[in-house]
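Count residues from 1 along the sequence. All values below were derived from every heavy atom in this structure, side-chain atoms included, with hydrogens, water molecules and symmetry-related copies excluded.
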Amino acid sequence: MAEKFKNYIGGKWVDAKSGKTFESRMPADWSKIVGLFPKSNKDDVDEAVNAAKKAFKEWKRMPVAKRGALLGKVGDIMVKRKEEIALLMTQEMGKIMKEARGDTQEGIDTAYYAFGEGRRFFGKTSPSELQNKVAITFLCPIGVAGLISPWNFPIAIPTWKMFPALLSGNTVVLKPSSDTPALASKLVEIIIEAGFPAGVVNLVHGPGSTVGNAILDNKDIGVVSFTGSSEVGRHIASVCGKTLKRVSLELGGKNAQIVLDDADIDLSVEGVLFGAFGTAGQRCTATSRLILQEGIHDKLVEKLVKRAESMKIGKPWDEASDVGPVINESSLKKILGYVDIGKNEGAKLMCGGYRYTEGDCKNGWFVKPTVFTGVKPGMRIEQEEIFGPVLSVIKVKSFEEAIDVLNGVEYGLSSSIYTKDLNLAFKAVEEIDTGITYVNGPTIGAECHMPFGGTKNTGNGHREGGWTAYEIFTEQKTVYIDYSGKLQKAQIDVTIEK
Ligand code: NAP
Ligand code: MG
């Protein structure tokens with residue numbers, strides 16, 4: 001019998017009001033069920049928002065250092081339970097063990113960063129334009145935050161949203177991806193263990209179309225933080241636009257690695273293997289395009305294809321596996337559909353391009369690492385996010401052409417350039433239009449204390465991570481204190497009285 005999970009609302013584990021459930025299954029073996037989860041709807045969301053609204057009154061009054069201390073405790077518990085979380089992640093989401101530990105560690109680091117922020121939640125002070133008057137800013141919470149997260153970083157991304165929101169004094173309603181609900185439940189279990197007051201953190205499982213939309217529609221939610229596809233992001237922005245909710249969007253990518261003729265070829269191959277096939281290509285920062293200068297092209301492709309072919313596909317909880325499954329059947333179909341599109345567009349399939357079913361992989365959604373060469377700018381496989389282990393190689397003549405190709409997509413999340421030429425590296429940093437750029441490193445691998453997000457259709461200008469995440473979840477309050485004892489008129493005349 002599959003384990004039955006619940007929502008967490010107002011400090012209690014509860015079923016969906018509809019009484020309905022949905023399943024979470026393992027991508028590496030679809031015959032196995034992780035658990036049954038409440039298929040919630042608007043009624044459950046509204047109850048969660050009411051609980052969060054009620055809890056906000058007290059939570060915002062708790063000193064920020066104390067809120068930080070609670071988040072530090074969350075970090076401590078996550079450290080103790082890291083292996084257990086990582087193992088569940090290999091089962092429910094399908095990333096390999098090493099990456100699952102990394103995803104969990106990102107959550108731990110984010111908790112400790114929040115702990116530190118509790119002691120440096122600084123506003124600014126400024127001299128006034130008038131005498132005997134001072135100006136100060138405070139960071140204030142917004143209220144109830146609605147958090148909608150994807151499945152590909154099932155621990156890290158909810159923590160990127162939740163911990164800054166909580167430290168800032170907001171209460172939250174989390175709607176995790178329907179593909180990774182058990183991991184969200186695990187995170188909430190840890191939050192409960194750390195001792196958060198009832199109603200501060202609420203969890204509502206269920207489909208984006210109902211639970212997600214109910215969050216967008218609820219008038220008591222002040223800020224929505226979303227990570228997922230650009231398609232859903234557009235919908236969210238338009239709905240939140242009508243009610244003037246603040247909304248932060250972290251969306252798709254079509255990231256590229258450039259390798260110039262002078263680059264270290266083996267280092268470049270290591271980088272692209274990790275960037276393109278790590279997490280089976282299902283990172284928003286995954287390398288899905290490799291832009292090679294013509295002098296290095298053939299030799300690099302030869303090395304790359306050999307290495308890609310020898311990557312070990314297997315059960316993600318098996319420490320020896322290099323590549324795990326993709327998330328579900330529809331994702332598998334979408335990826336293989338793009339392989340057909342690539343072939344029809346005239347690109348040359350060098351390796352992979354099919355579902356892998358050997359050995360104990362027969363019940364899972366495994367895709368053999370795939371490399372296309374002869375890809376031309378403008379082809380669909382070069383422009384559209386595939387979100388799987390498919391790499392398109394594009395040959396270019398010059399540095400300038402490489403930059404044009406890199407920038408020639410609708411997204412702007414991550415990018416990378418391999419070169420030993422310092423001048424060209426800095427020129428690339430200046431010319432590339434993405435939120436993140438690596439020099440001599442792959443497109444993946446963000447650090448939690450730095451801003452994370454992208455330009456163009458990758459988002460709407462906000463950045464998660466580091467100090468910038470706190471800007472999403474706070475209002476600035478400007479306070480003037482006039483100790484002159486008389487009416488002083490700012491904005492009327494700032495010239496100094498004679
Ligand atoms: P998705 O299909 O857009 O779903 C993301 C979340 O939105 C899920 O919780 C989903 O719920 C929910 N949702 C779906 N329809 C909704 C609606 N109408 N209203 C409100 N919520 C709705 O994305 P995904 O497949 O989970 O994740 C992959 C995508 O995320 C890729 O495009 C990737 O590039 C992007 N991503 C971006 C970043 C970044 O920081 N830029 C990081 C990671 C991933 P259900 O699960 O119930 O459908
Ligand atoms: Mg599943």
Side-chain angles (χ1 to χ4, degrees), residues 229-231 251-260 268-269 271-294 296-298 300-301 304-305 308 326 331 333-354 367-418 428 431-438 442-444 454-458:
S229 58
S230 293
E231 186 193 347
L251 312 174
K254 188 70 184 173
N255 316 292
Q257 173 179 322
I258 294 174
V259 183
L260 298 182
S268 311
V269 170
V272 72
L273 281 169
F274 184 47
F277 305 127
T279 322
Q282 304 170 106
R283 292 188 182 214
C284 47
T285 52
T287 312
S288 68
R289 299 179 298 150
L290 178 64
I291 303 169
L292 299 179
Q293 204 172 358
E294 58 189 0
I296 204 168
H297 179 275
D298 294 357
L300 196 149
V301 166
L304 169 67
V305 170
V326 300
S331 180
K333 285 190 173 147
K334 180 181 165 197
I335 295 162
L336 296 181
Y338 271 106
V339 172
D340 288 338
I341 290 169
K343 286 185 199 159
N344 292 334
E345 285 179 315
K348 188 170 174 207
L349 183 63
M350 302 296 288
C351 63
Y354 59 89
V367 179
K368 192 85 177 146
T370 304
V371 178
F372 276 109
T373 57
V375 176
K376 301 279 179 251
M379 283 183 179
R380 283 185 65 193
I381 57 166
E382 196 267 336
Q383 290 285 315
E384 297 172 17
E385 186 180 53
I386 301 174
F387 228 57
V390 179
L391 179 69
S392 292
V393 182
I394 305 131
K395 195 198 280 190
V396 294
K397 287 193 167 59
S398 62
F399 169 81
E400 288 74 19
E401 190 185 351
I403 299 288
D404 284 348
V405 171
L406 186 143
N407 284 338
V409 292
E410 65 170 298
Y411 300 107
L413 185 52
S414 189
S415 55
S416 139
I417 180 158
Y418 280 73
E431 294 295 324
I432 288 174
D433 185 4
T434 62
I436 303 164
T437 297
Y438 291 86
T443 58
I444 63 175
T455 61
K456 301 194 275 187
N457 290 352
T458 292

(message) Quick check: do S229 and F387 have side-chain heavy atoms less than 4.5 Å from each other?
(response) no
(message) Determine whether a donor-acceptor pair (N or O, by modelled atom type, separation under 3.5 Å) exists between the side chain of S398 and the backbone of E401.
(response) yes
(message) Please check: side-chain N/O of S230 versus main-chain N/O of L251, any donor-acceptor pairing under 3.5 Å?
(response) no
(message) Using a strict threshold of under 4.0 Å (side-chain N to carboxylate O), is an ion pair present between K254 and E410?
(response) no
(request) Kindly determine whether E385 and Y411 satisfy side-chain hydrogen bond (donor to acceptor under 3.5 Å, both in side chains), including the steps that lead there. (result) CA-CA 9 Å; E385 186 180 53; Y411 300 107; 4.9 Å; no
(request) State, yes or no, whether a side-chain contact exists between L391 and F277 at a heavy-atom distance under 4.5 Å. (result) yes
(request) Nearest 0.5 Å please: distance from the CD atom of E431 over to the CG atom of L406. (result) 11.5 Å
(request) Only counting residues at least two apart or in another chain, list the ones meeting side chain to side chain contact (heavy atoms under 4.5 Å, CB included) with K456. (result) D433
(request) State whether the side chain of T443 and the backbone N or O of T285 hold a donor-acceptor pair below 3.5 Å, judged by distance alone. (result) yes
(message) Could you check whether any side-chain heavy atom of T287 comes within less than 4.5 Å of a side-chain heavy atom of S414, counting everything from C-beta outward?
(response) no
(message) Side chains of V272 and V259, heavy atoms from C-beta outward: is any pair under 4.5 Å?
(response) no
(message) Measuring only between side-chain heavy atoms, which start at C-beta, is R289 closer than 4.5 Å to V409?
(response) yes
